[in-house]
Amino acid sequence: MERPNLKLSYHEQDGTLLPNIRISDQPEDDQPLGRYGRMALAYLRDDYPERYAILKMDGTLMEAMHRVQKDALERIEYLTQQMLLDDPMPETEDILERARHWNYLKSMAEEIVLQTIVFLVR
């Protein structure tokens, strides 16, 4: 069996030459993940390692995690605004009370998003 002629470049790490390979050349793969994307990535890696490996080998892992991040942020914003319609800000000058109310609504929206978007198997 003939071996393919691969032209790889290498870099040195701790005295070992490692090939410079990438799973994907998509520009979004180099972008840092936000909080929800990292949570989804950790969940997939820890609880579903086979699915994690498949997505990584396909080159679609980071694309899916960036999509989770984007969807989670959009959904939290939408849910928070909907909750504000049902439970408006208190009519008070107390900034702490208003911040407490906002944080309460946002945490409820975040809990919904964690269960419906972030902690799903992709």
Side-chain angles (χ1 to χ4, degrees):
M1 181 174 183
E2 187 176 318
R3 297 173 75 191
N5 187 8
L6 298 176
K7 299 201 187 278
L8 295 175
S9 61
Y10 296 86
H11 67 278
E12 185 176 341
Q13 180 177 343
D14 299 328
T16 305
L17 288 177
L18 299 173
N20 295 322
I21 57 174
R22 295 181 58 126
I23 292 176
S24 171
D25 287 331
Q26 300 298 323
E28 65 268 1
D29 290 353
D30 292 333
Q31 299 296 321
L33 278 176
R35 176 181 180 201
Y36 304 108
R38 289 190 315 266
M39 290 170 77
L41 184 66
Y43 174 72
L44 197 61
R45 183 183 57 235
D46 296 343
D47 294 352
Y48 297 94
E50 298 87 13
R51 185 66 185 145
Y52 172 82
I54 289 170
L55 288 174
K56 192 170 183 178
M57 286 187 285
D58 285 348
T60 59
L61 177 65
M62 294 307 289
E63 176 186 336
M65 297 303 110
H66 283 288
R67 192 171 47 249
V68 167
Q69 174 69 24
K70 179 180 169 280
D71 292 348
L73 288 176
E74 289 174 357
R75 191 70 176 159
I76 285 175
E77 181 64 30
Y78 174 78
L79 288 172
T80 304
Q81 294 303 320
Q82 291 301 311
M83 289 178 189
L84 270 174
L85 294 176
D86 294 337
D87 190 7
M89 281 287 188
E91 298 293 328
T92 180
E93 294 295 320
D94 186 6
I95 294 175
L96 290 178
E97 181 63 32
R98 294 172 64 83
R100 189 176 308 123
H101 184 74
W102 178 260
N103 288 337
Y104 171 71
L105 294 179
K106 189 171 179 186
S107 68
M108 286 186 359
E110 185 177 66
E111 188 61 36
I112 292 168
V113 166
L114 288 177
Q115 298 305 316
T116 59
I117 295 176
V118 176
F119 296 137
L120 287 180
V121 180
R122 309 269 171 250

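Just so we're clear, the structure is a prediction, and the values are computed from it rather than from any experiment.
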Using 0.5 Å steps for rounding, measure from the [atom1] atom of [X] to the [atom2] atom of [Y].
| X | Y | atom1 | atom2 | answer |
| --- | --- | --- | --- | --- |
| Arg98 | Asp94 | CZ | CG | 9.5 Å |
| Met89 | Leu105 | CE | CG | 7.0 Å |
| Leu33 | Met39 | CG | CE | 12.5 Å |
| Glu50 | Leu44 | CD | CG | 10.0 Å |
| Arg122 | Tyr43 | CZ | OH | 9.5 Å |
| Leu85 | Thr80 | CG | OG1 | 11.0 Å |

In terms of heavy-atom contacts, Val118 and Ala72 come closest through CG2-CB, 4.3 Å
For Pro90 against Glu97, the heavy-atom pair lying closest together: CG-CG, 4.0 Å
According to a 4.5 Å side-chain heavy-atom criterion applied to Ile, Leu, Val, Met, Phe, Trp and Tyr, with indirect links allowed, do [X] and [Y] form part of one hydrophobic cluster?
| X | Y | value |
| --- | --- | --- |
| Tyr48 | Phe119 | yes |
| Tyr104 | Trp102 | yes |
| Val121 | Val68 | yes |
| Leu120 | Met65 | no |

Residue of the set Glu74, Gln81, Gln82 for which side chain to side chain contact (heavy atoms under 4.5 Å, CB included) holds with Tyr78: Gln82
Does Leu41 reach the side chain of Leu61, with side-chain heavy atoms less than 4.5 Å apart? yes
When you compare the side chain of Met83 with that of Ile112, does any pair of heavy atoms fall below 4.5 Å? yes
Which of Arg75, Gln115, Arg35 passes side-chain hydrogen bond (donor to acceptor under 3.5 Å, both in side chains) with Glu110? Answer is Arg35
Between Glu63 and Arg67, does any side-chain N to carboxylate O distance fall below 4.0 Å? yes
Should we count CD1 of Ile95 as having more than 12 external heavy atoms under 6.0 Å? no
Kindly determine whether Asp46 and Tyr52 satisfy side chain to side chain contact (heavy atoms under 4.5 Å, CB included), including the steps that lead there. CA-CA 9 Å; Asp46 296 343; Tyr52 172 82; over 6 Å; no
